[in-house]
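The structure appears below as structure tokens.
Below, all heavy atoms of this structure are taken into account, side chains as well, without hydrogens, waters or symmetry copies.
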Amino acid sequence: LKKALPDALILLGGPEAGMEPSAMLERYGFIDYVISGAGEEPLKNLLDSLENNKEPYAEGIWSRNECFGGYAMAPIDSPMPYSLDDITNCKNKILYYEASRGFYNKCAYCLSSVDKCMYYDIEKVKKELLFMSEHGAKLIKLIDRSFNADKKRAKELFAFLSKNTQDTKFHFEIAPDIFDEEMFSVLSSVPKGKFQFEAGIQSLNIKTLEAINRKTDIDKALDNIRKIKSLGNIEIHVDIIAGLPYEDLESFIKTFNGVYDLKADMLSLGFLKLLKGTEIRKRAEEFEIVYNSFPPYEVIRTSCISPFELSLLKGVEEALERLYNSGAFKNTIAKLEKKYPSPFDLYKDLSKAFSPGEPRSSIYSKLLCKYGKELKESLILDFMASGEKKPPQGFEPIISDDFRNRCFEFIEKYTDEIFPEYKELPYKELHKKLTFYAFDCGTYVADKAGGVSLNITERF
């Protein structure tokens, strides 16, 4: 940039994004060129032309010398963001890929909503995703803000990826309220674990959704998430945001409890960010939103929610991450949920119990200390299913001289009943796949690979 344009002022997006290029040139005399549409190729053409003292002539470049005439908007056709070396060394790695840009919704807090939806050629997308999968990518995260905005295109890509890719898992951000029966029919045949969906609900407060320009049929969105969950083959993550306009603590608790009841595989509690160029930042004074002056410009308070209440929600977020989203405490959570009036009350009670980065082993011990013996079996089942080798403090196993021999006897007698998928394995090989522990409250076995744990006291 310095070589081609030594005295240039480069404007990328910004508050005038969305203006017609000719209008920008007419309004601002200091602008010589405007790039519209996808910028990769036009920017390269512009710099090459200027470096060689030529007037640029290419799609997507608007020039003052052309009397505001310009050229067509640049098509979205940029090269793959990874080099051949990146791809050939991507085995068991996470890759990010963009199949479209922009967002069909106009959410006030999202920068992507500034751009119109533009799509890469679908055959190019298929070819590149297949190439990455064939080279062993563990997870490919599609960063499109709403992958299924074009339903016909989404169905075609879902079907293609389901049938043609290897062991790669794909993550999609989806708009759940625009799913139809044909889409569910396509998804019903997807191999289990192949797809992972992320759905932004953000709030159940209708006034809040209207204020942030989020046009969502919330009842249909919730119903479709339940349908996705009921398919049993697709992992579903759901997002909510604290600090939005018109959402006080009471309203947010309703949002939290309502979305939690979906029993999604993960529930992400985020906090409003007032990014530069977004409508919500321009209207911050209207909504009485105070936010940090440094990135990521997170909300401090609004007219509806105080700093203290947001701090409380930070604690709830930490407890949610450590217990629910970790997936390591499923038995424990199921039992704890019965002890509290609502899910929010549960995580609020635990909101100050854990520290960021705290090892999981200490969480088992803290929960045992807080709830006592009534929770011990659930914690043991979760510990066993996690595959961790060393029992945490408070879970000391009982070791006897003949314990190993009794484990072999149990395997020989009960394998076909409990682990039928392993019945063809020799006993010694099967023993390597299973973990046995005896505690003061019973004897347990866990399948290390499958994450399944059982109380076998009566049969042992």
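The backbone N or O of Pro307 lies less than 3.5 Å from no partner atom in the side chain of Ser311, so there is not a single donor-acceptor pair. When atom types are taken as modelled, the side chain of Ser386 and the backbone of Ala328 share no donor-acceptor pair closer than 3.5 angstrom. Side-chain atoms of Asn233 come within 3.5 Å of backbone N or O of Val190 as a donor-acceptor pair. Asp144 places a side-chain N or O within 3.5 Å of a backbone atom of Ala99 that can act as its donor or acceptor partner. Under the 3.5 Å distance criterion, the side-chain polar atoms of Ser162 are left unmatched by any main-chain donor or acceptor of Ala159. Thr168 contributes no side-chain N or O that, together with a main-chain N or O of Leu139, makes up a donor-acceptor pair within less than 3.5 Å. Between the Glu156 side chain and the Ala154 main chain, no donor and acceptor come within less than 3.5 Å of each other. Side-chain atoms of Asp239 never come within 3.5 Å of backbone atoms of Glu198 as a donor-acceptor pair (strictly under, hydrogens ignored). Not a single donor-acceptor pair under 3.5 Å links the side chain of Arg281 to the backbone N or O of Leu275. The backbone N or O of Asp345 sits nowhere less than 3.5 Å from a side-chain atom of Asp349 that would complete a donor-acceptor pair.
Ion pairing of Asp382 with Lys335 is absent here, as no side-chain N (NZ or NE/NH1/NH2) approaches a carboxylate O to less than 4.0 Å. Salt-bridge check for Lys413 with Glu409: failed, with every basic side-chain N at 4.0 Å or more from each acidic carboxylate O. Ionic pairing of Glu288 and Arg283 is not present here: no N-O contact between side-chain nitrogen and carboxylate oxygen is shorter than 4.0 angstrom. Between Asp167 and Lys138, no side-chain nitrogen of the basic residue sits less than 4.0 Å from a carboxylate oxygen of the acidic one, so the salt-bridge criterion is not met. Under the 4.0 Å criterion applied to side-chain N and carboxylate O atoms, Lys169 and Glu235 are assigned as salt-bridge partners. Look at Lys366 and Glu358 and you find a salt bridge, because one of the NZ, NE, NH1 or NH2 atoms lies within 4.0 Å of a carboxylate O, short of that distance.
Ala137 and Ile140 make their closest contact through CB-CG1, 4.0 Å (heavy atoms, listed as atom of the first residue, atom of the second, distance). Between Ile289 and Val299 the shortest heavy-atom distance is CG2-CG2, 3.9 Å. Taking both residues in full, the closest heavy atoms of Leu244 and Thr208 are given as CB-CG2, 3.6 Å, listed atom of the first, atom of the second, then distance. Looking at every heavy atom in both residues, Val316 comes nearest to Ser351 through N-CB, 3.6 Å. When all heavy atoms of Asn148 and Ile174 are compared, the pair lying nearest together is OD1-CA, 3.4 Å. Closest approach of Lys192 to Gly232, counting heavy atoms only: CE-O, 3.5 Å.
For the pair Arg153 and Tyr119, the cation does not sit on the ring face, since its NZ or CZ is not both under 6.0 Å from the ring centre and inside 45° of the axis. Because its NZ or CZ atom is not both nearer than 6.0 Å to the ring centre of Phe410 and within 45° of the ring axis, Arg459 does not count as a cation-pi partner of that residue. Remark: Lys273 is not positioned above the aromatic ring of Tyr297, lacking an NZ or CZ atom under 6.0 angstrom from the ring centre and at most 45 degrees off the axis. Because its NZ or CZ atom is not both nearer than 6.0 Å to the ring centre of Tyr96 and within 45° of the ring axis, Lys141 does not count as a cation-pi partner of that residue. A cation-pi arrangement is present between Lys124 and Tyr120, with the terminal nitrogen or guanidinium carbon under 6.0 Å from the aromatic centre and inside a 45° cone about the axis. Cation-pi contact between Lys314 and Phe271: present, with separation from the ring centre below 6.0 Å and deviation from the ring axis of at most 45°.
Between Phe252 and Phe256, the angle of the ring planes lies from 30° to 60°, which puts this pair in the tilted group. Classified by interplanar angle (parallel below 30°, tilted 30° to 60°, perpendicular above 60°), the ring pair Tyr437/Phe439 is tilted. Relative orientation of the Phe436 and Phe460 rings is tilted, given thresholds of 30° and 60° on the angle between their planes. The aromatic rings of Phe158 and Phe195 lie tilted to each other, with the angle between the two planes from 30° to 60°.
Heavy-atom neighbours of Arg301 CZ from other residues, nucleotides or ligands within 6.0 Å: at or below the threshold of 12. Residue-environment remark: CD (Glu374) exceeds the threshold of 12 foreign heavy atoms within 6.0 Å. Heavy-atom contacts from other residues, nucleotides or ligands closer than 6.0 Å to CD of Glu250 number 12 or fewer. Shown here is Lys229, whose NZ atom has more than 12 heavy atoms of other residues, nucleotides or ligands within 6.0 Å. Enclosure of atom NZ in Lys263 by more than 12 non-hydrogen atoms of other residues, nucleotides or ligands within 6.0 angstrom is indicated. Heavy-atom neighbours of Gln393 CD from other residues, nucleotides or ligands within 6.0 Å: at or below the threshold of 12. Within 6.0 Å of CD on Glu396 lie more than 12 heavy atoms contributed by other residues, nucleotides or ligands.
Atom CG in Leu346 sits 10.0 Å away from atom CG in Asn257 (nearest 0.5 Å). Here the CD1 atom belonging to Ile300 is positioned 12.5 Å from the OG atom belonging to Ser306, to the nearest 0.5 angstrom.
The six-membered or imidazole ring of Phe329 lies away from that of Tyr324, with a centre-to-centre distance of 6.0 Å or more. Note: Tyr246 and Phe287 meet the aromatic proximity criterion, with ring centroids under 6.0 Å apart. Taking the six-membered ring for Trp and the full ring otherwise, Phe147 and Phe197 have centroids separated by 6.0 Å or more.
Asn205 and Ser203 form no side-chain donor-acceptor contact under 3.5 Å, judged by distance and modelled atom types alone. Between the side chains of Thr216 and Asp177, not a single donor N or O lies within less than 3.5 Å of an accepting N or O. One side chain, Glu128 or Tyr97, offers a donor N or O that lies under 3.5 Å from an acceptor on the other.
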Determine, step by step, whether Phe383 and Phe395 satisfy the ring-ring contact (aromatic ring centres under 6.0 Å, His included) criterion, reporting the C-alpha distance in whole Å, the side-chain angles of both residues, the deciding distance to 0.1 Å, and the verdict. CA-CA 10 Å; Phe383 157 71; Phe395 295 83; 7.0 Å; no

Walk me through whether Tyr260 and Tyr347 qualify under ring-ring contact (aromatic ring centres under 6.0 Å, His included). CA-CA 11 Å; Tyr260 187 93; Tyr347 292 97; 5.6 Å; yes

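With respect to Thr165, the side-chain hydrogen bond (donor to acceptor under 3.5 Å, both in side chains) criterion is satisfied by exactly one of Glu134, Lys194, Lys126: Lys194.
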